[in-house]
*Asks:* 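Submitted below is the structure of interest, expressed as structure tokens.
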Amino acid sequence: MTEYCDDTPLTILANVTSLLTFLLGILASYLTFYTLTRNALSEIEILKIDLDSTRAQLHSVLDCCSSEACLAPVKIHDPDGMLGKSIAALDSVLTILYQDLERLQEQHRETGKGWWRTEEVLMRLRWVSKRKQISGRMLRISALKMEVHVGLMSLLLRKMAAQDQAIYSQYERTSNQDQDGLDLPRKA
């Protein structure tokens with residue numbers, strides 16, 4: 001016994017349309033993946049430049065805190081050492097992230113062309129997962145930068161209050177000396 005299809009032209013068109021929609025979805029996701037990972041090396045380079053500038057700013061803060069001309073003595077105005085702890089934490093996160101980016105950049109440069117570019121596709125998949133990790137680390141870096149800025153502001157305010165107190169006490173001393181100088185000795 002022979003059975004035949006009772007599908008109408010409308011159901012056949014709907015089936016073909018659903019298959020084409022499925023294929024279009026696959027193509028769109030591949031194109032999204034491709035464009036997301038196409039510029040991985042340039043993204044890594046931009047991140048490294050950003051990390052270098054952050055480290056340069058961090059080291060200028062460290063130099064300022066350790067020199068007598070700027071914010072020193074830090075131990076007097078930051079007895080808990082919170083600024084130093086924040087700077088050390090930020091520096092270690094920056095160093096680790098920079099090293100990871102260098103390794104990742106080196107891996108991307110060494111990627112060769114395999115059969116159907118399988119090595120390149122695998123490298124792109126690794127970049128997507130690493131990119132998520134790196135964005136999490138960048139959020140951590142921005143939080144640590146805020147801690148450093150708060151520590152610097154606190155240090156500046158304490159230093160300013162100490163200088164204000166020193167100026168006020170010096171004014172009081174000179175004011176008292178001037179008043180003593182105005183009192184003429186009485187002759188007997």
*Asks:* Between the side chains of Gln57 and Lys145, is a donor N or O closer than 3.5 angstrom to an acceptor N or O?
*Replies:*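 The answer is no; no qualifying pair exists.
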*Asks:* How long is the gap from CG on Leu47 to CD on Gln105, to the nearest 0.5 Å?
*Replies:*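 Result: 10.0 Å between the selected atoms.
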*Asks:* Quick one: CD on Glu147 to OG on Ser142, what's the gap to the nearest 0.5 Å?
*Replies:*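 The distance works out to 10.5 Å.
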*Asks:* Does Asp7 offer a backbone N or O that forms a donor-acceptor pair with the side chain of Thr11 under 3.5 Å?
*Replies:*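 Not confirmed, Thr11 side chain does not pair with Asp7 backbone.
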*Asks:* Test: salt bridge (charged side-chain N to carboxylate O under 4.0 Å, His left out). Region: residues 160-177. Which pairs qualify, not counting sequence neighbours?
*Replies:*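 Not a single pair qualifies under salt bridge (charged side-chain N to carboxylate O under 4.0 Å, His left out).
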*Asks:* Using the rule that two of Ile, Leu, Val, Met, Phe, Trp, Tyr join whenever any of their side-chain heavy atoms come within less than 4.5 Å, decide whether Met153 and Val150 are in one cluster.
*Replies:*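 Per the 4.5 Å side-chain linkage, Met153 and Val150 are not co-clustered.
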*Asks:* Is any side-chain heavy atom of Leu51 closer than 4.5 Å to a side-chain heavy atom of Thr95?
*Replies:*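 A side-chain contact is absent here, since even the closest heavy-atom pair is not under 4.5 Å.
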*Asks:* Return the OG to CD1 distance between Ser92 and Ile87, rounded to the nearest 0.5 Å.
*Replies:*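 CD1 of Ile87 is found 12.0 Å from OG of Ser92.
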*Asks:* Could you measure the distance from the OG1 atom of Thr17 to the CG atom of Leu10? Nearest 0.5 Å is fine.
*Replies:*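 If I round to the nearest 0.5 Å, the distance is 9.0 Å.
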*Asks:* Under a 3.5 Å distance rule, please check whether Thr35 uses its side chain to pair with a backbone N or O of Leu31 as donor and acceptor.
*Replies:*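 Checking the backbone N and O of Leu31 against the side chain of Thr35, a donor-acceptor pair under 3.5 Å is found.
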*Asks:* At what distance, to the nearest 0.5 angstrom, does CD1 of Ile44 lie from CD of Gln107?
*Replies:*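 It is 9.0 Å, given to the nearest 0.5 Å.
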*Asks:* Would you say the side chain of Tyr98 lies within less than 4.5 Å of the side chain of Asp52, judging by non-hydrogen atoms?
*Replies:*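 Counting from C-beta outward, Asp52 and Tyr98 do come under 4.5 Å.
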*Asks:* Closer than 4.0 angstrom, basic N to acidic O: yes or no for Asp100 and Arg137?
*Replies:*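 Between Arg137 and Asp100 there is a salt bridge, with a charged N closer than 4.0 Å to a carboxylate O.
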*Asks:* Is there a side-chain contact between Asp50 and Ile46 (heavy atoms, below 4.5 Å)?
*Replies:*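 No. Closest side-chain heavy atoms not under 4.5 Å.
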*Asks:* Any chance you could pull the hydrophobic cluster mates of Leu157, using side-chain heavy atoms under 4.5 angstrom and chaining through other members?
*Replies:*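 Members other than Leu157 - counting any ILVMFWY side chain reachable under 4.5 Å - are Met160.
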*Asks:* Determine whether Leu104 and Ile134 make a side-chain contact, defined as any pair of heavy atoms from C-beta on separated by less than 4.5 Å.
*Replies:*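 Yes; the side chains approach each other to less than 4.5 Å.
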*Asks:* Return the minimal non-hydrogen interatomic distance between Leu90 and Leu58, and the atom names on each side.
*Replies:*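 That would be CD2-CD1, 4.0 Å.
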*Asks:* Quick check for you: to the nearest 0.5 Å, what is the distance between Ile141 atom CD1 and Ser135 atom OG?
*Replies:*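 If we round to the nearest 0.5 Å, Ile141:CD1 and Ser135:OG are 11.0 Å apart.
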*Asks:* Could you name each residue pair satisfying salt bridge (charged side-chain N to carboxylate O under 4.0 Å, His left out) that touches residues 89-99, not counting sequence neighbours?
*Replies:*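 Residue pairs passing salt bridge (charged side-chain N to carboxylate O under 4.0 Å, His left out), neighbours aside: Arg55-Asp91.
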